[in-house]
Undergrad: 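One structure is given below, represented as structure tokens, and several questions about it will come after.
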Amino acid sequence: DNFEHKINIMRNLLFTSLIALAGMVSTIAYADGDKTPQYILHEVKAPFDMEPVKEYVFPDRKFPINKYGAKPGGTFDNTKAIAKAIDKCNKAGGGVVVVPAGVWFTGPIHLKSNVNLRLEEGAVVEFSDNSKDYLPAVQTSWEGLECFNYSPLVYAFGCNNIAITGKGKLQPRIKGWTPWFKRPKEHLEASKQLYTWGSTDVPVEQRQMAVGENNMRPHLVHFNRCSNILLDGFSINGAPFWTIHLFLCNGGIARNLNVYAHNHNNDGIDLEMTKNVLVENCQFDQGDDAVVIKSGRNRDAWRVGQPTENVVVRNCKIVKGHCLLGIGSEMSGGVRNILMENCEATDSVFRMMYLKTNHRRGGFIHHVYMRNCHGTCAGRLFEIDTDVLYQWKDLVPTYETRITDIHDIFMENCNIKRTDAIYEIKGDARKPIRDIYLRNINVGTVHKFINKSSNTFNVVSENMHYDNTAF
């Protein structure tokens with residue numbers, strides 16, 4: 001007992017020392033009746049009240065997947081072996097499922113509570129591109145509407161304390177998904193059906209989408225109704241659909257990630273109806289938006305009633321993407337208390353900050369901040385558009401009109417070398433956008449126009465400069 005007591009003291013001293021050196025957190029939370037650290041509490045500075053983000057300290061128990069029958073080489077199907085390792089880890093009270101160096105071919109990976117999937121340096125998890133491998137369907141979502149669809153490649157539902165860590169890589173095979181990128185007629189009909197179900201309160205379990213030629217691609221990583229999530233250190237190469245998606249989650253950290261995905265709809269990280277999240281020191285190189293804040297679509301989100309709130313994104317690099325920070329267009333549950341700071345777009349983005357909605361969405365967007373962000377090239381530095389409908393404009397009817405309430409949006413100390421326009425704000429006359437603040441904005445060359453705004457009130461621009469124009 002005395003020996004174990006000394007070990008606990010040394011372990012606690014080590015954690016305290018590491019925390020002090022990092023200067024990132026202020027507290028360690030302990031399990032009841034135990035001196036073993038259970039959570040590291042990260043204090044996050046923001047212009048709004050935000051509770052500390054919890055990082056679970058996983059038990060020091062290791063479950064190497066090769067011990068449970070997994071074989072490297074890229075041909076052997078390791079789905080069952082990885083599932084067995086995860087199950088053993090979960091039943092033991094938690095720990096680390098280790099993926100050693102090598103190429104490990106697999107179908108879907110379903111995490112369980114208190115499990116850290118650690119990808120060792122040199123480990124490549126190569127996912128099947130056969131859609132049949134992702135059946136039976138699981139509860140997920142498709143573009144803001146809940147449904148049952150093909151399993152995400154990495155999936156968790158209702159789990160607590162889950163992680164993917166390490167210096168390895170998630171790398172799906174894409175060839176089998178490529179024909180689904182085109183959104184043929186059958187897919188559009190399925191989208192219309194799901195939209196109708198979501199608009200008429202059809203129970204989620206009846207919304208079965210993984211049938212016929214619906215061709216609704218799965219997310220790469222989708223955590224649904226989970227808490228205390230850690231994504232740390234690994235890289236991603238490609239995705240069938242959205243890359244990282246936290247849906248109805250509470251508490252998460254994404255840090256030191258290197259995400260590259262340039263296929264159709266390859267957002268970097270989507271936070272949807274999710275709260276208390278820190279994203280830091282990541283690199284995103286995307287075929288769609290980079291960092292995206294969402295909160296569900298129309299009536300389906302009003303039914304759930306969970307805003308996305310208390311999110312901080314800092315010290316990230318975006319190589320390419322449609323947006324550095326995108327909000328919407330699925331945002332019917334509401335968005336508030338979002339901060340992006342000290343981030344950089346090194347190549348080109350369509351917009352640095354883009355808020356998008358339409359007359360079907362309702363909800364709200366307020367207290368969104370972008371500070372100390374820098375870019376090279378963009379179509380717009382800042383844009384709000386309240387009439388973004390994409391293919392849905394004529395594809396489906398408007399079941400109910402609700403105008404989004406947008407106010408208190410801040411962009412400060414931001415610059416870009418060249419842009420088509422500094423800002424464009426397109427409000428809705430039925431509920432004008434108000435209280436927009438752009439301060440200390442520096443632009444090199446403006447190519448088309450300086451700014452435009454309509455249906456707005458109190459748009460404040462202070463200390464906004466540009467060097468020259470090309471129009």
Undergrad: Using distance alone, with no hydrogens and no angle criterion, decide if His245 and Asp270 have a side-chain donor and acceptor under 3.5 Å apart.
TA: no
Undergrad: Under a plain distance cut-off of 3.5 Å, with no hydrogens placed, do His264 and Asn266 share a side-chain donor-acceptor pair?
TA: no
Undergrad: So for atom NZ, which belongs to Lys71, do other residues, nucleotides or ligands contribute more than 12 heavy atoms lying within a distance under 6.0 Å?
TA: no
Undergrad: So, Asn116 and Thr165: side-chain donor and acceptor under 3.5 Å apart, yes or no?
TA: yes
Undergrad: Minimum heavy-atom separation for Val277 and Met50, please, with both atom names.
TA: O-CE, 3.6 Å
Undergrad: Does the side chain of His447 pick up a donor-acceptor pair with the side chain of Thr419 at under 3.5 Å?
TA: no
Undergrad: Under 3.5 Å, is there a donor on one side chain and an acceptor on the other for Ser128 and Asp133?
TA: yes
Undergrad: Any side-chain donor-acceptor pair under 3.5 Å between Arg217 and Asn265?
TA: yes
Undergrad: Looking only at side chains, do Tyr150 and Lys132 share a donor and an acceptor under 3.5 Å apart?
TA: no
Undergrad: If we ignore angles and hydrogens, is there a donor and acceptor under 3.5 Å between the side chains of Ser332 and Arg297?
TA: no
Undergrad: Any donor-acceptor pair under 3.5 Å linking the side-chain atoms of Asn114 with those of Asn161?
TA: yes
Undergrad: Just by distance, with hydrogens left out, do His407 and His366 show a side-chain donor and acceptor under 3.5 Å apart?
TA: no
Undergrad: Does a side chain donor of either Asn276 or Asn250 reach within less than 3.5 Å of an acceptor in the other side chain?
TA: yes
Undergrad: Decide yes or no for Met331 and Arg361: does some side-chain heavy atom of the first lie under 4.5 Å from some side-chain heavy atom of the second?
TA: yes
